[in-house]
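Scroll down for the structure; my scribbles are underneath it.
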Amino acid sequence: MARQGEAPNGVDITCSTLYPVVMAKRNLTIQLDEATIRHAKIVAARRGMSLSGLVAQQLNELAEADERYERARAVALEALAGASGGGTPVWHREELYDL
């Protein structure tokens, strides 16, 4: 029987590449005030990148952070759904005091 990642004949079919995957790019038009554009150009220049590259990087980081949040939220909700008793301890008077 073939293991995961292996073809039925036992040949490893895992594929990887050392070359970056080039994705088609599209234009995006945004409207910003002059001060924001000027400041963003300065930030991009300090980082040695274009304004377009800076915006793309920041949007990617934002999207990745959102994905991490959604995964963490799903894990937390699953943990809450599996919790019993709602997290509130139930004590009886006899357990709390020596009677």
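Residue numbers count from 1 along this sequence.
Taking the side-chain contact (heavy atoms from CB on, under 4.5 Å) definition, one finds that Glu78 meets it with nothing, sequence neighbours left out.
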Under 3.5 Å, which donor-acceptor pairs do the side chains of residues 31-56 form with other protein atoms, sequence neighbours left out?
{"unit_1": "Asp33", "atom_1": "OD1", "unit_2": "Ala35", "atom_2": "N", "d": "3.2"}
{"unit_1": "Asp33", "atom_1": "OD1", "unit_2": "Thr36", "atom_2": "N", "d": "2.9"}
{"unit_1": "Asp33", "atom_1": "OD1", "unit_2": "Thr36", "atom_2": "OG1", "d": "3.1"}
{"unit_1": "Asp33", "atom_1": "OD2", "unit_2": "Thr36", "atom_2": "OG1", "d": "3.0"}
{"unit_1": "Ser50", "atom_1": "OG", "unit_2": "Gly53", "atom_2": "N", "d": "2.9"}

Cut-off 3.5 Å, no hydrogens considered: what does the side-chain donor-acceptor table look like for residues 66-74, sequence neighbours left out?
none

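For the atom pair CG (Asn27) and OG1 (Thr29), the distance works out to 6.5 Å, reported to the nearest 0.5 Å.
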